[in-house]
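Here's the structure, in structure tokens; my notes come after.
In what follows, chains carry the letters A, B, and so on, assigned in the order in which the sequence lines appear, proteins first and then strands, with residues in each chain numbered from 1. This one's a predicted model, so the numbers in the text were calculated from it and none came from an experiment.
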Amino acid sequence: ETGVTQSPTHLIKTRGQQVTLRCSSQSGHNTVSWYQQALGQGPQFIFQYYREEENGRGNFPPRFSGLQFPNYSSELNVNALELDDSALYLCASSDAGWDTQYFGPGTRLTVL
Amino acid sequence: AQRVTQPEKLLSVFKGAPVELKCNYSYSGSPELFWYVQYSRQRLQLLLRHISRESIKGFTADLNKGETSFHLKKPFAQEEDSAMYYCALTNYGGSQGNLIFGKGTKLSVKP
């Protein structure tokens, strides 16, 4: 069984740029959720994808967008980066929307 | 408002002492509660969830709906329990499972 993987591990961008983060879900899982974890905080829900459709969204602006592909891997795109977007971005996969979520190692994004 | 509160940022105990990590929640639906743990340099991983009623690594947690709490307990702490612990909830059986996390408690077990 392959666990959740994320790429890249670290990323440095400047304000105003765009970024794409990638996630491969655990084998057999059809649901992917994305979270933002700022320093000293718990993860905060961005959105969830189930079978290629958005299945819920947290309190994040539209410049945070995503995709899920037929193999259930996923991308998180952030446009017009702001300094406050600096955080650890976590991807989690699950077998259903509300089932146990298994997390990837995260991508550390720094916006200068 | 849906919220998970972990009142302690840091909890420090000696090896062999009992541990209780507090978690209180505010939720209007039927919550499913979880404890996730993050050991140093490792990913966030599930420790236990209420519906499973399992004891993992000697930890247990009881859901108290009256007090809206889901405290994590272990009778005898070990040094390897030192980690960051997050309490989280979701809507049990709902169509989507956005986890709501607390801010976490750092547990330090001293020798």
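- Here the CZ atom belonging to A:Arg15 is positioned 11.5 Å from the CG atom belonging to A:Asp85, to the nearest 0.5 angstrom.
- Within residues 101-108 of chain B, the residues having any heavy atom closer than 4.5 Å to a heavy atom of chain A are B:Phe101, B:Gly102, B:Lys103, listed by residue number.
- Among residues 6-15 of chain B, no residue has any heavy atom closer than 4.5 Å to a heavy atom of chain A.
- Residues B:Tyr86 and B:Gln38 come closest through the heavy atom pair CE1-OE1, 4.1 Å.
- Under the 4.5 Å side-chain criterion, counting only non-hydrogen atoms from C-beta, A:Arg63 is in contact with A:Glu82.
- In this structure, no portion of A:Gln44 lies under 4.5 Å from any heavy atom of chain B.
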List the steps and the verdict of salt bridge (charged side-chain N to carboxylate O under 4.0 Å, His left out) for B:Glu20 and B:Lys22. CA-CA 6 Å; B:Glu20 183 178 66; B:Lys22 291 185 167 52; 3.1 Å; yes
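- A side chain to side chain contact (heavy atoms under 4.5 Å, CB included) with A:Leu109 is found for one member of A:Ile12, A:Leu76, A:Leu81, A:Leu88 and no other, namely A:Leu81.
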Chi angles and distances behind the side chain to side chain contact (heavy atoms under 4.5 Å, CB included) call for A:Tyr72, A:Arg51: CA-CA 7 Å; A:Tyr72 302 134; A:Arg51 295 189 174 180; 4.2 Å; yes
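- The aromatic rings of B:Phe70 and B:His50 lie perpendicular to each other, with more than 60° between the two planes, well past the 30° mark.
- Under 3.5 Å, the side chains of B:Asn24 and B:Thr68 contain no donor-acceptor pair of N or O atoms.
- In this structure, A:Leu21 and A:Leu11 have side chains that are in contact, with non-hydrogen atoms separated by less than 4.5 Å.
- Residue contact with chain A, scored on non-hydrogen atoms closer than 4.5 Å, involves the side chain of B:Leu46 exclusively.
- Separating the OG atom in A:Ser73 from the CD atom in A:Gln68 is a distance of 7.5 Å, to the nearest 0.5 Å.
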